[in-house]
Novice: 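Sharing a structure below in structure tokens format, with a few things to ask.
Order of appearance sets the numbers: ligands from 1, and atoms from 1 within every ligand.
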Amino acid sequence: MDKILVHGGSKLSGSVTISGSKNSALPILAATLLTREECVIHRVPDLSDIHYMLQILASLGAEVERASGTVTVRADAVKTVAPYEIVRKMRASVCVLGPLLGREKEATVSLPGGCVIGDRPIDLHLKGFEALGAQHRIDAGNVKVFASELRGGTMNLRGKLGPTVLGTDNVMMAAVLAEGTTVIESAAAEPEVVDLANFLIAMGAKIEGAGTRRIIIEGVKELHGAEHSVIPDRIEAGTFLVAGAIAGTEVTLRRVNPEHVVAVTDKLVEAGYRIESQRDRMTIHGNGDPKALQLMTEPFPGFPTDMQAQFCALLSRTSGNSTITETIFPQRFMHVSELKRMGANIQLEGATAIIAGVERLSGAPVMASDLRASAALVLAGLQAEGVTEINRVYHIDRGYELIDEKLNALGAHIERVKA
Ligand code: EPU
């Protein structure tokens with residue numbers, strides 16, 4: 001298994017181009033199943049999660065071609081059972097349910113289990129499908145959703161931990177081909193939901209309100225092919241802003257949407273970092289004396305759970321006492337024990353991390369447990385003395401395109417050791 005060695009202490013400067021968003025590209029690729037016609041998707045990042053999605057599309061019968069960042073899909077005829085062998089590798093596989101249900105009136109995928117960031121149920125997805133007239137059956141580890149016909153319905157997709165991103169996506173993808181009007185109340189408003197809605201609209205769907213808590217969909221008879229460019233990855237952007245905060249003199253992000261990262265930049269500015277934003281570029285300046293922060297993860301436009309681990313790394317070496325409360329995945333703190341092995345002083349009280357900034361972190365062998373936790377370990381390694389050896393780096397390759405090469409181009413010293 002590959003390892004990453006981060007040699008701490010280098011200063012970062014220069015510019016980095018942000019890739020297309022993983023969490024936009026995954027449901028958008030699934031949505032290509034809604035039409036027989038060709039769809040062309042640009043700025044698809046080269047990540048293992050994307051490869052799994054392309055494999056699922058191919059196994060469902062779609063013709064899939066990839067040429068650098070552009071993926072072309074033609075799903076002339078589709079099967080409705082997604083194979084366990086690929087599905088089990090990625091929870092986001094669940095987002096083929098919506099388009100297959102919309103097009104074929106039935107779909108089967110294996111039920112996602114829990115994962116390291118916590119329990120990952122799909123009850124809200126199923127509740128939404130039910131409101132469209134579908135039923136479901138769970139059998140031998142698979143969930144099958146089916147309907148004789150899909151008709152518009154009104155539903156509230158708020159769960160006890162807030163709205164659901166992929167649940168909103170899934171229901172939207174089924175409802176575009178349902179008869180009549182669907183209203184999703186308490187919809188997720190993340191930019192990735194808006195990007196998917198824009199792609200569906202380009203395919204001929206009638207959707208209003210994406211990006212707000214109420215989405216209204218008027219069903220159409222069929223969708224056609226479309227071409228679309230995926231939005232920049234706001235979590236990759238946030239991660240590079242934190243890298244700039246931790247180790248940068250001056251780091252510029254290109255091809256970023258500053259409006260998508262406001263919750264992150266607000267906190268960095270509150271800590272004392274200077275950030276300049278233009279239309280699609282942002283620059284963060286280092287600060288020798290940042291301030292501690294109190295923050296809480298929330299659905300968009302609040303502070304993203306996908307940036308929580310990276311801020312744990314940043315605040316580990318920020319003097320004073322910081323707190324981070326995780327409200328979306330209350331158990332998403334696997335990175336804490338690894339950061340503590342590097343010398344961080346973090347106590348967990350329920351879903352709150354209490355971080356007392358320390359003067360130094362020291363490199364150590366550490367284990368990546370999930371995607372954002374591994375990004376946090378890379379960030380901790382940048383500011384640690386000595387070498388941080390990160391094992392199980394396949395986690396980072398699921399969601400960051402060439403993170404080691406991009407950081408090295410900014411002046412970091414990171415080696416990838418092939419097993
Ligand atoms: N939830 C339910 N029932 C459901 C669905 C969700 O109770 O049917 C709960 C979840 O357990 C969680 C909360 O609702 O407590 C929010 O989960 P959500 O459904 O929004 O998460 P998701 O759609 O499965 C996406 C991203 C995650 C990101 C979350 C929250 C993709 C592929 N994944 O997951 O990204 O953390 O939204 O913003 O879009 C990552 O990129 O590292 C990642 C984990």
Side-chain angles (χ1 to χ4, degrees), residues 19-31 45 47-50 52-53 56 87 89-98 111-131 136 143 145 155-173 184 186-196 230-231 233-239 260 263-264 297-310 326-332 334-335 351 368-376 395-401 403:
S19 300
S21 159
K22 164 181 87 83
N23 290 348
S24 262
L26 289 170
I28 285 173
L29 288 168
L47 302 170
S48 51
D49 272 11
I50 298 289
Y52 296 140
M53 181 55 82
I56 292 171
V87 168
K89 295 182 183 162
M90 182 179 63
R91 199 195 118 82
S93 317
V94 75
C95 66
V96 300
L97 278 178
L111 207 53
C115 75
V116 67
I117 70 175
D119 194 18
R120 311 280 304 263
I122 61 161
D123 55 310
L124 297 169
H125 303 227
L126 298 175
K127 177 183 175 189
F129 294 146
E130 211 166 281
H136 72 268
V143 56
V145 289
M155 68 201 75
N156 187 314
L157 286 191
R158 188 180 174 83
K160 61 180 188 303
L161 296 166
T164 164
V165 175
L166 288 179
T168 303
D169 289 347
N170 240 339
V171 172
M172 205 161 59
M173 289 189 278
I184 308 178
S186 301
E190 270 64 8
E192 295 77 17
V193 175
V194 179
D195 204 24
L196 171 65
V230 173
I231 57 170
D233 194 309
R234 67 191 166 101
I235 305 301
E236 187 196 17
T239 304
H260 292 171
V264 170
T297 64
E298 283 172 312
F300 189 84
F303 187 91
T305 171
D306 291 343
M307 284 301 301
Q308 181 258 107
Q310 300 88 318
E326 175 58 71
T327 71
I328 295 174
F329 294 110
Q331 300 163 40
R332 193 178 198 176
M334 297 295 285
H335 43 283
S369 55
D370 72 79
L371 170 56
R372 308 303 170 188
S374 29
H395 285 295
I396 209 160
D397 295 331
R398 300 184 62 165
Y400 289 93
E401 197 174 45
I403 190 169

Novice: Counting both backbone and side chain atoms, is some N or O of L166 under 3.5 Å from an N or O of ligand 1?
Specialist: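 Checking ligand 1 against L166, an N or O pair does fall under 3.5 Å apart.
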Novice: So, does P163 sit close enough to ligand 1 that a heavy atom of it is under 4.0 Å from the ligand?
Specialist: yes
Novice: For T305, is at least one N or O under 3.5 Å away from an N or O on ligand 1?
Specialist: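 No; the residue has no nitrogen or oxygen that sits under 3.5 Å from a nitrogen or oxygen of the ligand.
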Novice: Of E190, E192, H260, which meets side-chain hydrogen bond (donor to acceptor under 3.5 Å, both in side chains) against R234?
Specialist: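 The residue from E190, E192, H260 that satisfies side-chain hydrogen bond (donor to acceptor under 3.5 Å, both in side chains) with R234 turns out to be E192.
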Novice: Is it the case that the side chain of S24 and the backbone of S21 share a donor-acceptor pair, with hydrogens and angles ignored and the cut-off at 3.5 Å?
Specialist: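 Absent.
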Novice: Which ligand 1 atoms are under 4.0 Å away from a heavy-atom of I122?
Specialist: 4 (C), 8 (O)
Novice: Enumerate the atoms of ligand 1 whose separation from the nearest heavy atom of K22 is less than 4.0 angstrom.
Specialist: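 Under 4.0 Å from K22, ligand 1 has these atoms: 40 (C), 41 (O).
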Novice: Answer yes or no for R332: is there a heavy-atom contact with ligand 1 below 4.0 Å?
Specialist: yes
Novice: Could you tell me whether ligand 1 has any atom less than 4.0 Å away from a heavy atom of R91?
Specialist: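 Checking ligand 1 against R91, which is what was asked, there is a heavy-atom contact under 4.0 Å.
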Novice: Which is it for F329 and ligand 1 at heavy atoms under 4.0 Å: side chain, backbone, both or neither?
Specialist: side chain
Novice: Heavy-atom distance to atom 36 (O) of ligand 1: which of D123, D306, V165, T168 wins?
Specialist: D306
Novice: Could you tell me which atoms of ligand 1, counted from 1 in the order shown, lie closer than 4.0 angstrom to a heavy atom of L371?
Specialist: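 Those atoms are 42 (O).
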Novice: So do the side chains of M53 and S93 get within less than 4.5 Å of each other, counting heavy atoms only?
Specialist: no
Novice: Could you tell me whether some N/O pair between E190 and ligand 1 is separated by less than 3.5 angstrom?
Specialist: no
Novice: Is there any N or O on L124 that sits under 3.5 Å from an N or O of ligand 1?
Specialist: yes
Novice: Is it true that the side chains of D397 and S48 contain a donor and an acceptor less than 3.5 Å apart?
Specialist: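 No, S48 and D397 have no side-chain donor paired with an acceptor closer than 3.5 Å.
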Novice: In ligand 1, which numbered atoms sit nearer than 4.0 Å to a non-hydrogen atom of H125?
Specialist: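 Going through ligand 1 atom by atom, the ones under 4.0 Å from H125 are 8 (O).
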Novice: Of T305, L161, T297, which is the lone residue that meets side-chain contact (heavy atoms from CB on, under 4.5 Å) with P330?
Specialist: L161
Novice: I'd like to know if the side chain of E401 pairs up with that of S19 as donor and acceptor (distance under 3.5 Å, no hydrogens or angles considered).
Specialist: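 Yes, because at least one side-chain N or O of E401 sits under 3.5 Å from a partner of the opposite role on S19.
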Novice: Could you see which bit of K127 sits under 4.0 Å from ligand 1, with heavy atoms only: side chain, backbone, both or neither?
Specialist: neither
Novice: Between G98 and N170, what is the shortest heavy-atom contact and its length?
Specialist: N-OD1, 2.7 Å
Novice: Hey, does the side chain of D169 reach the backbone of V193 with a donor-acceptor pair shorter than 3.5 angstrom?
Specialist: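 Such a contact is absent between D169 side chain and V193 backbone.
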Novice: Can you figure out which of P121, A188, G159 has its heavy atom closest to atom 7 (O) of ligand 1?
Specialist: P121
Novice: Within ligand 1, which atoms have a heavy atom of I328 less than 4.0 Å away?
Specialist: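 Heavy-atom distances to I328 below 4.0 Å select 12 (C), 15 (O), 16 (C).
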Novice: Does R398 have any side-chain hydrogen bond (donor to acceptor under 3.5 Å, both in side chains) partners at least two apart in sequence or in another chain, and if so, which?
Specialist: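 Testing R398 for side-chain hydrogen bond (donor to acceptor under 3.5 Å, both in side chains), a comparison that skips the adjacent residues, returns D49.
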Novice: Using the test side-chain contact (heavy atoms from CB on, under 4.5 Å), find all partners of I235 that sit at least two apart in sequence or belong to another chain.
Specialist: D233, T239, P304, D306, M307, Q310, R372, Y400
